[in-house]
K.L.:
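Following this message is one structure expressed as structure tokens.
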Amino acid sequence: MTEQKYTLRTVTLENLNLEAVYEGYREDTPDALPTPWDIGRAQSALVALEDAGQIEGEVIDVGCGLGDNAIFLASRGYRTTGVDGSANAIDECRKRARAQGLDVEFAVANAATLDGFEDRFDTVVDSALYHCLNEENQRSYVAALHRATKPGARLHLFCFAKEMRPAFPVLQRISEQNLRETVGKLWNITSLKPALYDTNLTPEILGQLTGKAPRTDLELDEQGRILSQVWQLTAERID
């Protein structure tokens, strides 16, 4: 069997053009870069949170990407809304939800404002959006989450950590200080710890994309896919 070779479309791991990435889901491009976060299911860490009773009430998944986390939560009985800035991503979300026969609200929205979603949600899920924002937008985003939620709401946030070596090149990494000063201004951080984040990359694919020999120091899941270290933050809304 010939080894699969991947090309990068018009994107790189360091500077992802998300609309270009999601446009690929409309096309038949078998040689395209595997979308690192498209694992075809919910993040394991989020499943663990739900199993532990850490998800409550009405949920918003901000920066929902391809929708698998929101779809999972809907399958567990939560009224769930997924929002993303990419119309192409939202189209794919709706397609995946329909395929599973689940009722999930998906909408194109600006995470820095979340206009039209005020005073509504009990739980927020951020699965790797925060580290895509610059510092100004991070502050606006944290305030928007506060406006979009009800008193007593809970936030679960995953982001690449400045204090931990990334498994692959990323847009930026977030420090503990950033999270405590920015998120902590409006949310009482109850837990901040390292966690593992599922990806759709193997060391071999990563080696092809970076032009380097596959790394042997990476933690892998049972399918041989890379697990990346991230911050896992849980916080409660300051009322």
Side-chain angles (χ1 to χ4, degrees), residues 4 6 8-9 11-13 16-27 29-52 54-55 59 61-76 78 80 82-86 88-100 102 104 106 125-132 156-161 164 166-171 194-210 214-215 218-232:
Q4 175 69 61
Y6 293 96
L8 286 175
R9 284 201 199 98
V11 303
T12 68
L13 287 172
L16 285 174
N17 179 332
L18 293 178
E19 202 64 36
V21 170
Y22 294 132
E23 179 65 28
Y25 285 84
R26 299 174 178 270
E27 304 166 355
T29 52
D31 64 339
L33 167 69
T35 308
W37 55 90
D38 183 10
I39 61 173
R41 55 173 173 78
Q43 280 288 325
S44 299
L46 177 63
V47 175
L49 285 170
E50 200 284 325
D51 287 342
Q54 294 297 300
I55 308 295
V59 184
D61 179 5
V62 191
C64 65
L66 297 161
D68 293 310
N69 287 331
I71 291 168
F72 162 74
L73 292 172
S75 76
R76 292 287 179 97
Y78 299 96
T80 307
V83 299
D84 199 279
S86 166
N88 288 329
I90 293 301
D91 286 346
E92 180 66 19
C93 291
R94 291 169 176 157
K95 184 188 304 182
R96 293 187 183 196
R98 285 196 301 270
Q100 296 191 41
L102 291 168
V104 189
F106 288 108
V125 173
D126 175 341
S127 182
L129 170 65
Y130 187 84
H131 61 236
C132 297
H156 297 293
L157 183 152
F158 301 90
C159 65
F160 290 118
M164 306 169 204
F168 47 81
V170 297
L171 292 169
L196 293 175
Y197 196 81
D198 303 316
T199 79
N200 192 28
L201 297 177
T202 65
E204 293 71 26
I205 292 174
L206 179 61
Q208 289 183 33
L209 299 179
T210 61
R215 285 173 55 183
L218 298 171
E219 190 160 357
L220 307 178
D221 67 11
E222 294 179 352
Q223 287 75 46
R225 298 182 300 186
I226 295 169
L227 296 168
S228 183
Q229 288 189 318
V230 295
W231 283 125
Q232 178 176 337

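Bear in mind that the values here come from a model prediction, so they are computed numbers and not experimental data.
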K.L.:
Answer yes or no: is there a side-chain heavy-atom contact under 4.5 Å between Arg94 and Arg98?
P.N.:
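When only atoms from C-beta onward are counted, Arg98 and Arg94 do touch, with a gap below 4.5 Å.
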K.L.:
Of all the heavy-atom pairs spanning Ile71 and Cys93, show the shortest one and how long it is.
P.N.:
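Closest approach of Ile71 to Cys93: CD1-O, 4.0 Å.
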K.L.:
Looking at Arg215 and Pro203, would you say the former's side chain and the latter's main chain have a donor-acceptor pair under 3.5 Å?
P.N.:
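Flag not set: sc Arg215 to bb Pro203 has no pair under 3.5 Å.
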K.L.:
Would you say that Leu220 contacts Leu227 through its side chain, given a criterion of any heavy-atom pair below 4.5 Å between the two side chains?
P.N.:
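Not touching, per the 4.5 Å side-chain cut-off.
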K.L.:
Supply the atom-to-atom distance Ile55 CD1 to Tyr78 OH, rounded to the nearest 0.5 angstrom.
P.N.:
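OH of Tyr78 is found 6.5 Å from CD1 of Ile55.
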K.L.:
Quick check: closest heavy atoms across Ile90 and Gly82, and the distance to 0.1 Å?
P.N.:
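Closest approach of Ile90 to Gly82: CD1-O, 4.2 Å.
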K.L.:
Mind checking whether Gln232 and Pro194 have side chains closer than 4.5 Å, heavy atoms only?
P.N.:
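In short, these two side chains do not touch, never coming nearer than 4.5 Å.
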K.L.:
Taking it one step at a time, do Val125 and Thr80 satisfy side-chain contact (heavy atoms from CB on, under 4.5 Å)?
P.N.:
CA-CA 10 Å; Val125 173; Thr80 307; over 6 Å; no
K.L.:
Please find the pair of heavy atoms, one from Ala74 and one from Val104, that lie closest to each other, and give the distance.
P.N.:
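Minimum heavy-atom contact is CB-CG2, 3.5 Å.
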K.L.:
I'd like to know if the side chain of Asn69 and the backbone of Leu73 have a donor-acceptor N/O pair within less than 3.5 Å.
P.N.:
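Judged by distance alone, no pair lies under 3.5 Å.
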K.L.:
So, taking the atom named CG in Leu171 and the one named SG in Cys159, what distance separates them when rounded to the nearest 0.5 Å?
P.N.:
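The distance works out to 12.5 Å.
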K.L.:
Apply side-chain contact (heavy atoms from CB on, under 4.5 Å) to the pair Ser86 and Asp91, showing each step before the final yes or no.
P.N.:
CA-CA 9 Å; Ser86 166; Asp91 286 346; over 6 Å; no
K.L.:
Kindly give the heavy-atom pair with the smallest separation between Ala128 and Cys132, and that separation in Å.
P.N.:
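Looking at all heavy atoms of both residues, the shortest contact is O-SG, 3.7 Å.
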K.L.:
Examine distances only and state if a side-chain atom of Thr199 and a backbone atom of Ile226 form a donor-acceptor pair shorter than 3.5 Å.
P.N.:
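Indeed, once roles are kept as given, a pair shorter than 3.5 Å links the two residues.
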K.L.:
Kindly compute the distance separating CD (Gln43) from CZ (Phe72), expressed to the nearest 0.5 Å.
P.N.:
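It is 11.5 Å, given to the nearest 0.5 Å.
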K.L.:
Could you give me the CA-CA distance, side-chain angles and deciding distance for Gln223 and Ile39, then say whether side-chain contact (heavy atoms from CB on, under 4.5 Å) is met?
P.N.:
CA-CA 11 Å; Gln223 287 75 46; Ile39 61 173; over 6 Å; no
K.L.:
Can you find a heavy atom in the side chain of Phe158 that is under 4.5 Å from one in the side chain of Asp126?
P.N.:
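No, every pair of side-chain atoms sits at 4.5 Å or beyond.
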K.L.:
Just jot down the ring pair (Phe, Tyr, Trp, His ring centres under 6.0 Å) partners of His131, sequence neighbours excluded, or say none.
P.N.:
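Result, ring pair (Phe, Tyr, Trp, His ring centres under 6.0 Å) vs His131: Phe160.
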K.L.:
Among residues at least two apart in sequence or on other chains, which ones pass side chain to side chain donor-acceptor pair (under 3.5 Å) with Ser44?
P.N.:
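Side chain to side chain donor-acceptor pair (under 3.5 Å) check on Ser44 returns Arg41, Asp198.
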K.L.:
If you define the side chain from C-beta out and look only at heavy atoms, does anything of Leu46 sit under 4.5 Å from His156?
P.N.:
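No - every pair of side-chain heavy atoms lies 4.5 Å or more apart.
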K.L.:
So do Leu102 and Ser75 actually touch side chain to side chain, heavy atoms under 4.5 Å?
P.N.:
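They are in side-chain contact.
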K.L.:
Checking side-chain contact (heavy atoms from CB on, under 4.5 Å) between Val62 and each of Asp84, Leu129, Leu157, which is the one that passes?
P.N.:
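Result: among Asp84, Leu129, Leu157, Leu129 is the only option passing the side-chain contact (heavy atoms from CB on, under 4.5 Å) with Val62.
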K.L.:
Could you work out, with side chain to side chain donor-acceptor pair (under 3.5 Å) as the rule, every residue matching Arg96, not counting sequence neighbours?
P.N.:
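Scan of Arg96 (side chain to side chain donor-acceptor pair (under 3.5 Å), adjacent residues dropped) gives Asp38, Asp68, Glu92.
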K.L.:
For the side chain of Tyr197 and the backbone of Trp37, is there at least one donor-acceptor N/O pair under 3.5 Å apart?
P.N.:
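No; zero donor-acceptor contacts below 3.5 Å.
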K.L.:
Determine whether Val83 and Phe106 make a side-chain contact, defined as any pair of heavy atoms from C-beta on separated by less than 4.5 Å.
P.N.:
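When only atoms from C-beta onward are counted, Phe106 and Val83 do not touch, as no gap falls below 4.5 Å.
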K.L.:
If we only count heavy atoms from C-beta on, is the Thr210 to Pro169 side-chain gap below 4.5 Å?
P.N.:
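Yes, close enough: below the 4.5 Å cut-off.
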